Amino acid sequence: MKLALLTMPSILLKSLTKCSKDLEAAKVASPQYNAITRNSMINSVTLPEDEVKRRLEAGEPYVIRIKLPRQEEVRFHDIIRGWIVVHTQNMDDKVLFKSDGMPTYHLANVVDDYLMDISHVIRGEEWLPSAPLHVLLYRYLGWEAKMPEFAHLPLLLKPDGNGKLSKRDGDRLGFPVAPLNWLDPKTGETTSGYREKGYYPEAVLNFLAMLGWNPGTTQEIFSLEELVEAFSLDRVSKAGAKFDFEKAKWFNHQYLIRKSDDELAAQFKPLVTEAGFSADEEYLKSVVSLVKERANFVIDFMEHARFFFEAPTSWDDDTLRKKWKADTQDLLEGWKEALKSSNFDNAQSIEDASKVYMESREAGIGKVLQAFRILLTGLSAGPSMFEICALLGKDEVISRFENGLKHTKEAFA
RNA sequence: GGCCCGUUCGUCUAGGGGUUAGGACACAAGAUUUUCAUUCUUGGAACAGGGGUUCGAGUCCCCUACGGGCUACCA
């Protein structure tokens, strides 16, 4: 391959060590190796042919560059951006082969794509400036007829400020950027991954697909199959898109609530074990069905569901204080007694019994429900209290109720 | 600096000469759940600026501003 290119008239040689010094010596505004500066440097266009030969045989290091015409318009069509025109006077004689004999990306990608009959080159916008070079490479190699179509995608931007999204932004702002946790073997830096943060692959894929592309309808949730069906390059937008992690969470939530309780229970189980609890399949399924609506990730479940596995040891006193009235303690004590003698068949029967009791006290249940919740779960928010009671079972409910009342008696009485 | 690309609500975006400029996330309010959350409804919120072209510009052209990318013997 190297020999083949060496014979081409558009290629020139250059002494490696002197390259940068020569450019400085040429005193050009931006040191570029191009149609003008090449004439004042040591290379195969300024050296006599036999001198070039001598140096090569002497084993002098060299690189092979593309020799661009001085003034020529390079036009090519980009599927997303339309026609793009660049003049060769604004381009430079890029290195094609490094001094170690290896090709640079520019050459390699063109040769590779040609050999593999690639039809479309779809890549990030950061490649746009080198696209004209690639077009010229296809031309000089005689492959223009098989040149692929180009599509330069908009960039993913940092959520704050501007600029291309980088791995470091993730850990700086507390969200993942890589698919998986990753330890850079060179720097020892770690990058947190979507998987470890609890994102579903389908959700990430769906979210990413919507960044820079839209289906032209209001549909937002797409399976991979639907995406394949609906996607087309001509609906890709031109401007870069910032990551919106609130929306990423929303996507994950959408996928989460569509999962079956079986599946979610299975995913939750290891976390339950890890937290030092154990529960059977059925119990987990019930917990999960109550909790999933308010969680974005399975790894968030425990913070909403801890009370399903252990009685609270502390209570949200601030909220309790706001709800506390002179008769609250008394109403709750009575409610506890009422529950003791009621049946716990299901949430509805518990609710009915509770309401009957409150009516007997000529009060609405709303008056003490919030306090009730805090006594039993420690928290001021959560799923239906009656569902929770049904799941916890009568003994546990009464025990927690008593314990909680002991606490409020000390704290508020 | 030079070259290239871009610019509609805070964010992701629809829109390709005539629209009350639409949706989603987030936010706020109301309703419901006699609790919090969920849910539902409603609301605030945008065409970067200036010139053209046109009967008529978010939509077409130019300029300016701003943003981004590239400018390696990295990809």
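Atoms considered below: every heavy atom in the structure, side chains included; atoms not considered: hydrogens, waters and symmetry mates. Below, chains carry the letters A, B, ... as their sequence lines are ordered, and counting in each starts from 1. The structure displayed is predicted, hence computed values, not measured ones.
Residues A:T104 and A:K94 each lie close to RNA chain B; by heavy-atom proximity, the contact nearer the 5' end of the strand is made by A:K94. Comparing A:I84 and A:K323 by the nucleotide of RNA chain B that holds the closest heavy atom to each, the one mapping nearer the 5' end is A:I84.
Whole-Å rounding puts the A:H106 NE2 to B:rC74 P distance at 9 Å. Distance OH (A:Y105) to C1' (B:rA75): 7 Å, rounded to an integer number of Å. Residue A:E126 contributes atom CD, which lies 15 Å from atom C1' of B:rG6 at whole-angstrom precision. The nearest whole Å value for the distance from the CG atom in A:L133 to the P atom in B:rU71 is 12 Å. Rounded to a whole Å, the CZ atom of A:F175 is 13 Å from the P atom of B:rC12. Rounded to whole angstrom, the span from the CG atom of A:N296 across to the C1' atom of B:rC25 amounts to 12 Å. For the pair A:N90 CG and B:rC70 P, the interatomic distance rounds to 18 Å; values are reported in whole Å.
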Test side-chain contact (heavy atoms from CB on, under 4.5 Å) applied to A:L331 and A:Y357, step by step: CA-CA 9 Å; A:L331 278 171; A:Y357 163 72; 4.2 Å; yes

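Side-chain atoms of A:N43 come within 3.5 Å of backbone N or O of A:R38 as a donor-acceptor pair.
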Donor-acceptor pairs are to be reported for all side-chain atoms of residues 337-344 of chain A against protein atoms at under 3.5 Å, with residues two or more places apart or in another chain.
residue : atom : partner : partner atom : Å
A:K340  : NZ   : A:E402  : OE2          : 3.4
A:S341  : OG   : A:A338  : O            : 3.3
A:S342  : OG   : A:L339  : O            : 3.0
A:N343  : OD1  : A:D345  : N            : 3.0
A:N343  : OD1  : A:S349  : OG           : 3.2

Indicate every side-chain donor-acceptor pair of residues 379-391 of chain A with a distance under 3.5 Å to a residue at least two apart or in another chain.
residue : atom : partner : partner atom : Å
A:S380  : OG   : A:D316  : OD2          : 3.4
A:S384  : OG   : A:F386  : N            : 3.3
A:S384  : OG   : A:E387  : N            : 3.3

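A donor-acceptor contact under 3.5 Å is formed by the side chain of A:R373 with the base of B:rU35.
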